[in-house]
Amino acid sequence: MRWSKALIPTHKEDPADAETVSHRLMLRAGLIRKLTSGVYNYLPLGWRAIRKVEEIVREEMDRAGCQEILMPVVSPAELWQETGRWGIYGKELWRVQDRNGRFFALGPTHEEIVTDIVRNEVRSYRELPFTLYQIQTKFRDELRPRFGVVRAREFIMKDAYSFHRDDDSLDETYRRMCDAYTRIFERLDLTFRPVEAATGAIGGSTSHEFMVLSDTGESEVIVCECGYAATDERAEGTVRPIETGESPLPLERIDTPDMKTIEEVSEFLGIEPWRLVKTIIYEADGRTVAALIRGDREVNEAKLGMALGADLVVPAGAETIEKVTGAPVGFSGPVGLEGVEIIADHTVEPLVNIVVGGNESDVHLKNVNPGRDFRTTEFHDIALIGRGDSCARCGKELDSFRGIEVSQAFKLGTKYSSCMKATFLDEDGVGKPFVMGCYGLGVSRTVAAIIEQHHDDDGIVWPTSAAPFDVEILAVNVKSDDVRQAAEVLYDELQAAGVAVLYDDRDDSPGTKFKDADLVGLPLRVTVGDRSLKRGVVEARVRRTGEQTDVPRDGAAQEIQRMLAALT
RNA sequence: CGGGGCGUGGCGCAGUCCGGUUAGCGCGCCUGCUUUGGGAGCAGGAAGUCGGAGGUUCAAAUCCUCUCGCCCCGACCA
């Protein structure tokens, strides 16, 4: 492609509304443009990178024995109502109506649709197992789109769904899919790590996420030197208990005007946050419950859900909190709290003389003692585990890192097939629900993750596998006949050889073109200028290492192909 | 949704507090000449309903009301 004819709008300055490296560089290098919040145009360079990644994903999916299909973006509400997700998925499900007022969802994921296909078409265990996948635009009306293409409302995803007669078969495919993901991310030169994950809105039993290590990542991963790795939501561990050996003191009421947060109250009283206990009111499948957690800790809602045997646990709204506690948000406490279950974290049990909300506006209680001053329904492990806690497996201290979640795999079991009555006839003549797995991979997000890990101060440094072009030819001065002719010949020869080449034939100053070349970051740059042509050479420069080599003008195309091959 | 901030040529910004010439600056863009190895020089030029609506005023980018959009921090997930 000739740069002079291509839509590659680069910018010298950083865009004002981009925070992360990948977002900034994707805008500056002209890969993407925002249409509206969380919705992006992919310009030629961005789209070529997307397609390179897609192609690798396809190759590995096909190698793993999957079949590519394409399902519609639009699906009828009734299908989502069958599984209950029309309600459960919440506001994130992007709903539209047709001219008759009938409701549809723009697909955020396709379990319902693929299960509908399979229940209509597959009858026998003899047809199992198999895996279907697609690469398609997905829609999720995110609470907060951000970081460009990393968290978009419209994005490109590969989603795969496997169907089995039993768990053993699912386990085998699950492993194979995780292996495929490993190969994909290795081919893309990513530093990544598979970690145990919670199942969230998709559901199912086991799940793993593939995390690309990045400080700008939105996910916190808990790791142990014993090899354990899990998302913070999923991580199991032990919070070190605090025992002071103090004797219980008499309960006191204290005025805490307008102090609603742990920070405010602990600062006001001059005590450590762990001397406070937070009381958080949740709605769990319709029940109202109070969760108690030490002031220096957060509740893990997934764990709380497990403790309660509830599918959906959400923080209660302000009205519910006032109704239950008789006080505005910020002053909830367990003392005298009637009519709700009180679930406390294990670390609350040994505490002595703690501070809690008074269930009365602007009032807290001091020297509260569990057991003496209030009763809990049950003690459970409901704390979010973090760096410094001890590993549930080996007891060593846990560490953490940040990552971008680029893919996730789930063992769904019969979660969808059961409620959608998707069954097959097994060997024993009995109809059974399909055992299912699903495997998502964010394609557009992966491109951003690649840039997060592969850039320098000058711009993107593409790994060859994802680069929009293999080579850039940079003609220093297109007004020079010699330069132009040499560049054109090289351009033709490389293209004829099947090399993807971007030819910077613009009539611009050399500085501009060098800067743009670094910004766009193709693996190999070939500079054609009078200075080197006089010596009968062109200059090849490897973007990643900066290594520069004189290449004789005659036979340059062959030499450049050799260099490219060495880069991959 | 809660908290913070921003909307002024394509991009980055100043001007707004304290209303008052023709709304500026840098980059980019167009034309010409010169230049050509790390974001060139000179000359000329195009391009802005100051996010939108309503209001106050002799006068509004600037003040008031409403509204739309965007970004950042938090609760979500590929």
Side-chain angles (χ1 to χ4, degrees), chain A residues 9-20 23 27-28 30 33-39 57 89-92 108-109 135-160 181 197-202 207 209-212 217-219 231 233 260-261 280 298-299 301-302 313-315 317-318 329 404-410 438-449 458 474-480 483 506-519 525 527-534 539 541 548:
Chain A
T10 56
H11 284 304
K12 193 166 161 180
E13 288 174 281
D14 275 334
D17 54 6
E19 290 290 307
T20 56
H23 190 195
L27 288 166
R28 279 192 58 204
R33 285 293 182 264
K34 183 175 69 188
L35 211 211
T36 185
S37 177
V39 179
V57 170
Y89 219 105
K91 289 186 173 171
E92 205 174 304
T109 177
I135 297 175
Q136 187 208 35
T137 298
K138 292 285 191 279
F139 294 83
R140 294 183 190 177
D141 195 357
E142 292 284 349
L143 223 41
R144 175 141 118 81
R146 60 175 153 175
F147 302 152
V149 126
V150 168
R151 165 163 247 88
R153 295 196 291 171
E154 176 179 331
F155 60 99
I156 299 168
M157 177 165 129
K158 185 281 305 178
D159 46 326
Y181 280 170
T199 49
I202 310 280
S207 178
E209 293 178 4
F210 282 70
M211 293 290 183
V212 168
E218 297 179 283
S219 307
T231 60
E233 196 185 20
K260 297 175 180 174
T261 65
I280 304 172
E298 299 299 326
V299 170
E301 288 166 17
V313 176
V314 291
V329 178
I404 299 170
E405 181 199 341
V406 286
S407 70
Q408 186 165 13
F410 300 83
C438 78
Y439 319 88
L441 186 154
V443 174
S444 37
R445 175 181 283 185
T446 296
V447 170
D458 295 315
L474 191 157
V476 174
N477 175 11
V478 290
K479 293 246 172 74
S480 155
V483 167
R506 293 175 298 172
D507 183 13
D508 262 308
S509 73
T512 302
K513 297 169 80 164
F514 283 123
K515 288 290 187 189
D516 271 350
D518 287 342
L519 177 60
R525 181 185 87 197
T527 305
V528 181
D530 282 315
R531 209 164 74 182
S532 46
L533 285 179
K534 280 199 187 96
E539 295 150 45
R541 184 185 165 97
Q548 192 150 319

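Just so we're on the same page: letters track the sequence lines, and every chain starts at 1.
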Under 3.5 Å side-chain donor-acceptor pair for Ser219(A) and Glu405(A) = no
Sorted by chain and number, sequence neighbours left out, ring-ring contact (aromatic ring centres under 6.0 Å, His included) with Phe155(A) holds for none
Using atom [atom1] of each nucleotide, how far apart are [N] and [M] to the nearest Å?
| N | M | atom1 | answer |
| --- | --- | --- | --- |
| U67(B) | C11(B) | C1' | 27 Å |
| G55(B) | G12(B) | C1' | 33 Å |
| G28(B) | U65(B) | P | 41 Å |
| G4(B) | G15(B) | P | 22 Å |
| A23(B) | A14(B) | C1' | 11 Å |
| G10(B) | C66(B) | P | 30 Å |
| C17(B) | C64(B) | P | 9 Å |
| G24(B) | G3(B) | C1' | 34 Å |

Got a sec, which residues hit salt bridge (Lys or Arg N to Asp or Glu O under 4.0 Å) with Lys515(A), two or more places apart in sequence or on another chain?
-> none
Residues in salt bridge (Lys or Arg N to Asp or Glu O under 4.0 Å) contact with Arg506(A), at least two apart in sequence or another chain | Asp504(A), Asp516(A)
Can you check the [X] [atom1] to [N] [atom2] distance for me, whole Å?
| X | N | atom1 | atom2 | result |
| --- | --- | --- | --- | --- |
| Glu154(A) | C77(B) | CD | C1' | 17 Å |
| Glu233(A) | C76(B) | CD | C1' | 9 Å |
| Phe155(A) | C77(B) | CZ | C1' | 8 Å |
| Asp507(A) | U35(B) | CG | P | 13 Å |
| Phe210(A) | C77(B) | CZ | C1' | 17 Å |
| Asp508(A) | U34(B) | CG | C1' | 16 Å |
| Phe139(A) | A78(B) | CZ | P | 17 Å |
| Asp14(A) | C27(B) | CG | C1' | 13 Å |

Residues forming a side chain to side chain contact (heavy atoms under 4.5 Å, CB included) with [X], sequence neighbours excluded:
| X | answer |
| --- | --- |
| Ala448(A) | Ser22(A), Met26(A), Val149(A), Val150(A) |
| Lys534(A) | none |
| Ser509(A) | Thr512(A) |
| Arg151(A) | Glu142(A), Arg146(A), Glu218(A), Arg445(A) |

Should [N] form a Watson-Crick or G-U wobble pair with both distances under 3.5 Å, which nucleotide is its partner?
| N | value |
| --- | --- |
| A60(B) | none |
| U49(B) | none |
| C1(B) | G74(B) |
| G12(B) | C25(B) |
| G69(B) | C6(B) |
| C33(B) | G41(B) |

If the sugar-phosphate is the primed atoms plus P, OP1 and OP2 and the base is the rest, what is the B/S/- string for nucleotides 37-48 of chain B, using protein heavy atoms under 4.0 Å?
-> BBBS--------
Contact string for nucleotides 69-75 of chain B, one letter per nucleotide 5' to 3', B = base within protein heavy-atom range under 4.0 Å, S = sugar-phosphate only, - = neither, reads SSSBBBB
Heavy atoms under 4.0 Å, any strand shown: does Val150(A) hit a base, just sugar-phosphate, or nothing?
-> base
Across the strands shown, which category fits Ala449(A) at heavy-atom distances under 4.0 angstrom: base, sugar-phosphate, nothing?
-> nothing
The answer to which of Val478(A) and Pro15(A) contacts RNA chain B further toward the 5' end, by nearest nucleotide, is Pro15(A)
Thr231(A) side-chain N/O to Ala197(A) backbone N/O, donor-acceptor pair under 3.5 Å = no
So do His11(A) and Leu27(A) actually touch side chain to side chain, heavy atoms under 4.5 Å?
-> no
Short N-O contact, Asp141(A) and Lys91(A), less than 4.0 angstrom | no
